[in-house]
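These notes are about the structure you will find just below.
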Amino acid sequence: MCDLSFLMGALVGLLALFCSLDVWYFLRAAFVVARAWFQPVVRDVTGEQVLSGRVTPHDIDMCHMNNARYLRECDFARFSLYVRNGVFKALRALGGSMVVSATTIRYRRALCIGESYQLRSRILAWDQKAFFLEQRFVSSRDGLVCAVMYCKQSVIRCSPDKIMEHLCKRKVETPEFPEDLQHWVNFISSSSQALRAESGLTEKDK
């Protein structure tokens with residue numbers, strides 16, 4: 001009877017955990033970080049990194065990959081990217097952290113159930129406050145870019161320049177912003193200014 005009560009208590013505890021937290025997300029994140037930790041270090045901070053994936057029944061709606069799943073997979077790819085290129089390590093050493101402050105994704109063709117793909121991630125450029133990344137979902141079947149996302153990753157209590165200097169042991173200039181990325185950055189800036197004005201905030205309040 002005691003063993004049965006313990007088992008029922010454990011099952012209820014697990015059910016409560018899965019109902020209150022996205023347990024699979026945290027398990028997957030831990031796995032991705034652990035795997036990246038044991039993979040070779042990528043010395044080129046702006047170098048492209050590739051993760052392979054496949055659309056599973058857990059990912060789909062209407063037999064193709066759910067829109068939100070693309071963003072989730074991009075999260076995991078960035079974890080791997082930052083572990084392997086040293087950005088996470090530099091952040092810890094400098095006492096900083098990062099948060100996603102903007103994303104835009106363009107869907108070009110659906111990834112269907114069972115279809116394999118490559119998720120290609122790279123840092124394109126940075127400014128005083130944030131890194132800007134591109135992440136592409138490329139079909140393994142025909143090489144088509146099925147979706148492409150821009151991500152602005154803001155750095156807190158530090159700066160991209162300090163992170164790059166820490167990693168490279170010298171001051172590093174940002175690569176030139178691609179034209180389409182610059183248009184996106186301008187859009188974010190214009191949106192922020194409009195929302196601050198709408199809320200009655202000044203530049204000092206942002």
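In what follows, residues are counted from 1 in the order of the sequence shown.
Here the CZ-CG distance, from Arg108 to Leu111, works out to 12.0 Å after rounding to the nearest 0.5 Å. The CG atom of Asp75 sits 8.0 Å away from atom CD of Gln135, with the distance rounded to the nearest 0.5 Å. A distance of 10.0 Å separates CD1 of Ile123 from SG of Cys151, quoted to the nearest 0.5 Å. Atom CD in Gln49 sits 5.0 Å away from atom CZ in Arg84 (nearest 0.5 Å). Between atom CZ of residue Phe131 and atom CE of residue Met164 there is a gap of 6.0 Å, rounded to the nearest 0.5 Å. Residue Gln193 holds its CD atom at 12.0 Å from CD1 of Ile188, rounded to the nearest 0.5 Å.
Residue Arg43 qualifies as open at atom CZ: its count of foreign heavy atoms under 6.0 Å is 12 or below.
Between Trp184 and Phe132, the ring planes lie perpendicular to each other; the angle is over 60°, past the 30° to 60° tilted range. Using bins of under 30°, 30° to 60° and over 60° for the plane-to-plane angle, the ring pair Tyr117/Phe137 lands in the tilted bin. Under the 30°/60° scheme for interplanar angles, the aromatic rings of Phe79 and Tyr25 are found to stand perpendicular.
Shown here for Gln118 and Ser140, the closest heavy-atom pair between the two residues is N-OG, 4.1 Å.
When hydrophobic clusters are built by joining Ile, Leu, Val, Met, Phe, Trp and Tyr residues whose side-chain heavy atoms come closer than 4.5 Å, directly or via intermediates, Val138 is not grouped with Tyr107. Following chains of ILVMFWY side-chain contacts shorter than 4.5 Å, one can reach Leu81 starting from Leu167, so the two form part of one hydrophobic cluster. Cluster annotation: Leu21 is connected to Trp24 through the hydrophobic network of ILVMFWY side chains, with a link wherever side-chain heavy atoms come within less than 4.5 Å.
For the residue pair Asn186/Ser189, the side-chain donor-acceptor check at 3.5 Å is not satisfied.
Look at Arg106 and Asp180 and you find no salt bridge, because none of the NZ, NE, NH1 or NH2 atoms lies under 4.0 Å from a carboxylate O. By the 4.0 Å N-to-carboxylate-O rule, Arg122 lies close enough to Glu134 to be salt-bridged with it.
A donor-acceptor pair under 3.5 Å is absent between the side-chain atoms of Arg120 and the main chain of Val50, judged by distance alone. Proximity of a side-chain donor or acceptor of Thr104 to a complementary backbone N or O of Tyr150 within less than 3.5 Å is not detected.
Side-chain contact between Met98 and Val87 is present, with at least one heavy-atom pair separated by less than 4.5 Å. Considering only heavy atoms from C-beta on, Ser139 comes within 4.5 Å of Glu115 through its side chain.
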